[in-house]
Amino acid sequence: MALAACAHAALLMLALQPAPGRAQQAGAAQMVRVQGAVYDSIVGTPIAGARVHFVATSEPDAGRTFSALSDEAGRYVIPGLPPGDYVAGFESLALDTLGIEPGTRLVQVQPGMPRVNFATPSPPALILAICGTEANDSTALLIGHVRDADTEMALFPAVVAVEWVETVVDGRGVRTRNARVAGAAGGPGFFAICDLPTDAALHAYATHGADSSGFVEVELPPAGVRYVRFYVGVTTGSSAGAALLAPDSVAAPAGAVAPEGARLSGRVVGEDGSPIVGAYVRLWNSEIEASTTADGRFSLAGLPGGTHTVEARALGYVPATATVHLAAGRPLAVDVRFSQRATVLRPIEVRAQLVYSRHLQEFESRRRVGWGRYITPGEIEARPVTTLSRLLEGYPGIWLERGRDGTLVRMRAVGAGVRYCTPTLWVDGMRDQVNDFDFLHSDRVAAVEVYARPLDVPPRFSYAKECGAIIVWTRPIPARPSEREPRS
């Protein structure tokens with residue numbers, strides 16, 4: 001009996017004691033799974049590799065830190081947090097190089113809580129922090145980094161320059177001028193340029209010593225921020241290079257040695273992804289070009305390293321561009337897609353006043369691309385007053401034929417059986433149906449665009465399939481006295 005009583009008492013004591021680990025299991029059941037994502041509010045993309053921190057402020061865990069890294073999609077997960085109050089934030093190398101603190105927030109952790117997301121400072125907050133001014137719709141901020149094209153290491157000191165054409169209204173009337181601002185890249189190669197206009201076509205490039213990237217077109221949102229990364233490569237003299245064409249294109253001369261430099265290949269496709277045959281592909285401000293083959297492929301070699309713009313042109317399409325980062329030893333493949341077909345309007349007669357500044361903005365934008373030859377206002381001003389035909393004399397690809405009925409401007413024709421042709425003359429956006437190159441004197445000319453090949457002609461000025469075009473913009477302000485007019 002005594003033994004039975006002792007056994008019963010022992011069983012009763014065991015029943016009253018908690019099972020091993022039950023307290024820990026109860027505590028674990030209270031832990032909260034916290035998850036969310038980290039975003040870049042400037043470009044609207046997730047941030048990978050950001051470290052998210054939750055620092056407890058409630059007892060008994062006050063001061064304890066819980067952290068996790070975001071994945072490629074910007075997502076993070078902290079599997080177990082004790083319920084309570086926390087100060088939460090994140091760290092990112094991208095923000096470190098900008099010198100911006102992302103800030104923290106108070107979070108109450110409890111079961112069933114929603115996702116906790118984080119983001120970089122908004123564009124207005126970033127503009128205020130970097131520029132010290134309030135954001136407004138007419139200006140924007142350009143930020144980014146400058147890196148070496150081969151090593152991808154930060155370059156500093158470096159300079160990033162932005163150029164555009166602006167309109168000036170003063171006592172002399174309405175005129176345009178080239179504007180340029182530059183920002184220095186220091187520290188980890190970071191640069192920031194404030195108060196850039198949002199209503200102009202901007203072209204930017206980076207330099208480091210004697211080396212430079214190519215031009216890229218930059219679009220800035222009103223009161224916003226745009227991030228651009230520039231790679232600068234060693235200048236290789238790309239104008240002396242040669243295009244390595246695809247197999248069924250025109251071959252390079254026998255025994256030719258491909259110049260050193262970067263290589264770029266890819267395809268040119270239409271809106272539906274189908275290959276475009278016979279499209280011309282070229283790097284901006286480079287003489288290296290290639291035409292696409294039957295499968296839309298192209299290949300270029302001897303290119304300068306760094307950030308550049310590649311452009312493709314084909315009849316019936318608005319030119320398409322892509323930004324590329326080139327480096328010697330790292331061949332790059334890229335697809336260039338035409339997204340818009342050129343619209344050909346029926347000829348109509350329009351009588352209107354020329355918007356001088358807008359046309360010269362277009363002129364400057366095309367000049368930077370470099371598909372044609374361009375006579376700038378400064379070059380025209382520096383020469384004596386003469387006829388348009390004599391102004392064009394001596395430019396590559398142009399021949400003059402003078403006769404009893406006037407001067408003919410000639411170019412080399414494209415097509416079988418025709419050697420020379422007369423380019424289409426456009427004056428202030430209107431086609432001159434008689435192609436009279438003698439009626440207009442240079443004192444009335446603001447700028448001239450010369451396109452020797454039909455495929456180089458901007459789409460809205462395309463007219464003849466076998467010949468190029470000459471586009472003339474005139475001055476709205478009173479002209480200088482002409483040499484053929486009596487001087488007072």
**Student:** Within the 3.5 Å criterion, strictly below it, is a donor on Trp473 or Glu449 matched to an acceptor on the partner's side chain?
**Tutor:**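 Note: Trp473 and Glu449 side chains meet the donor-acceptor criterion.
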**Student:** With a 4.5 Å cut-off on side-chain heavy atoms, are Leu283 and Ile288 touching?
**Tutor:**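 Sidechains of Leu283 and Ile288: no contact.
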**Student:** Donor-acceptor pairs are to be reported for all side-chain atoms of residues 183-205 against protein atoms at under 3.5 Å, with residues two or more places apart or in another chain.
**Tutor:**
{"unit_1": "Thr198", "atom_1": "OG1", "unit_2": "Asp137", "atom_2": "O", "d": "3.1"}
{"unit_1": "Thr198", "atom_1": "OG1", "unit_2": "Ser138", "atom_2": "O", "d": "3.4"}
{"unit_1": "Tyr205", "atom_1": "OH", "unit_2": "Arg180", "atom_2": "NE", "d": "3.4"}
{"unit_1": "Tyr205", "atom_1": "OH", "unit_2": "Arg180", "atom_2": "NH2", "d": "3.2"}

**Student:** Atom CZ of residue position Arg390 - does it have more than 12 heavy atoms of other residues, nucleotides or ligands inside 6.0 Å?
**Tutor:**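 Open: at most 12 neighbouring heavy atoms sit under 6.0 Å from CZ of Arg390.
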**Student:** Kindly indicate whether the side chain of Val472, heavy atoms from C-beta on, has any atom under 4.5 Å from the side chain of Leu388.
**Tutor:**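 Heavy-atom side-chain distance check passes, below 4.5 Å.
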**Student:** Once ring pair (Phe, Tyr, Trp, His ring centres under 6.0 Å) is applied, do any residues pair with Phe156, and if so which ones, sequence neighbours excluded?
**Tutor:**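 Checked Phe156 against ring pair (Phe, Tyr, Trp, His ring centres under 6.0 Å); zero matches.
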**Student:** Can you find a heavy atom in the side chain of Phe437 that is under 4.5 Å from one in the side chain of Leu392?
**Tutor:**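 Counting from C-beta outward, Phe437 and Leu392 do come under 4.5 Å.
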**Student:** Check whether any side-chain heavy atom of Trp164 lies under 4.5 Å from a side-chain heavy atom of Val181, and answer yes or no.
**Tutor:**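 Contact flag for Trp164/Val181 side chains = yes.
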**Student:** Is any side-chain heavy atom of Phe298 less than 4.5 Å from a side-chain heavy atom of Val268?
**Tutor:**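 When only atoms from C-beta onward are counted, Val268 and Phe298 do touch, with a gap below 4.5 Å.
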**Student:** Are Glu393 and Arg383 within salt-bridge range, i.e. N to O under 4.0 Å?
**Tutor:**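 Answer for the salt bridge query: no.
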**Student:** On a heavy-atom basis, which atom in Ile127 and which in Gly224 lie closest, and how many Å separate them?
**Tutor:**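 Nearest pair, atom of Ile127 first, then Gly224: CD1-O, 3.6 Å.
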**Student:** Do Thr307 and His325 have side-chain N/O donor and acceptor atoms under 3.5 Å apart?
**Tutor:**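 The answer is yes; a qualifying pair exists.
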**Student:** Can you tell me how far the CZ atom of Arg475 sits from the OG atom of Ser442, to the nearest 0.5 Å?
**Tutor:**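 Between atom CZ of Arg475 and atom OG of Ser442 there are 9.0 Å.
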**Student:** Applying the ring pair (Phe, Tyr, Trp, His ring centres under 6.0 Å) test to Phe461, which of Tyr451, Trp426, Trp371 qualifies?
**Tutor:**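 Filter result, single survivor: Trp426.
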**Student:** Do you see a donor-acceptor pair shorter than 3.5 Å between the side chains of Tyr231 and Arg147?
**Tutor:**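 No pair is found: no donor N or O on one side chain lies under 3.5 Å from an acceptor on the other.
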**Student:** Heavy atoms, side chains only, cut-off 4.5 Å: are Leu264 and Val334 in contact?
**Tutor:**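 The answer is yes, as the side chains (C-beta and beyond) meet within the 4.5 Å cut-off.
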**Student:** Verify whether one side chain among Arg297 and Thr292 offers a donor that lies under 3.5 Å from an acceptor in the other.
**Tutor:**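 Not at all, the side chains of Arg297 and Thr292 share no donor-acceptor pair under 3.5 Å.
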**Student:** If you look only at distance, which donor and acceptor atoms sit under 3.5 Å apart when one is on a side chain in residues 270-282 and the other is two or more places apart or in another chain?
**Tutor:**
{"unit_1": "Asp272", "atom_1": "OD1", "unit_2": "Ser274", "atom_2": "N", "d": "3.1"}
{"unit_1": "Asp272", "atom_1": "OD1", "unit_2": "Ser274", "atom_2": "OG", "d": "2.7"}
{"unit_1": "Arg282", "atom_1": "NE", "unit_2": "Ser286", "atom_2": "O", "d": "3.4"}
{"unit_1": "Arg282", "atom_1": "NH2", "unit_2": "Gly370", "atom_2": "O", "d": "2.6"}

**Student:** Would you say the side chain of Tyr227 lies within less than 4.5 Å of the side chain of His145, judging by non-hydrogen atoms?
**Tutor:**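 A side-chain contact exists here, since the closest heavy-atom pair is under 4.5 Å.
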**Student:** Does anything in residues 317-334 form a salt bridge (Lys or Arg N to Asp or Glu O under 4.0 Å)? List the pairs, not counting sequence neighbours.
**Tutor:**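 Counting only pairs at least two positions apart or across chains, the salt bridge (Lys or Arg N to Asp or Glu O under 4.0 Å) contacts touching residues 317-334 are Glu152-Arg330.
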**Student:** Quick check: does any side chain N or O of Asp428 sit under 3.5 Å from a backbone N or O of Thr474, one acting as donor and the other as acceptor?
**Tutor:**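 Yes, Asp428 side chain to Thr474 backbone: donor-acceptor pair under 3.5 Å.
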**Student:** Would you please say whether a donor-acceptor pair under 3.5 Å links the side chains of Ser41 and Thr120?
**Tutor:**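 Their side chains do contain a donor-acceptor pair, which is all the 3.5 Å distance test asks for.
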**Student:** Any side-chain heavy atom of Thr424 within less than 4.5 Å of one from Ile470?
**Tutor:**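 Answer no - side chains too far apart.
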**Student:** Tell me the salt bridge (Lys or Arg N to Asp or Glu O under 4.0 Å) pairs involving residues 300-323, sequence neighbours left out?
**Tutor:**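 Residue pairs passing salt bridge (Lys or Arg N to Asp or Glu O under 4.0 Å), neighbours aside: Glu311-Arg313.
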**Student:** Compute whether any side-chain donor of one residue and acceptor of the other, for Asp40 and Thr45, lie under 3.5 angstrom apart.
**Tutor:**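 No pair is found: no donor N or O on one side chain lies under 3.5 Å from an acceptor on the other.
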**Student:** For Ala73, give me all partners under side chain to side chain contact (heavy atoms under 4.5 Å, CB included), at least two apart in sequence or on another chain.
**Tutor:**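 Here the qualifying residues are Asp71, Arg75.
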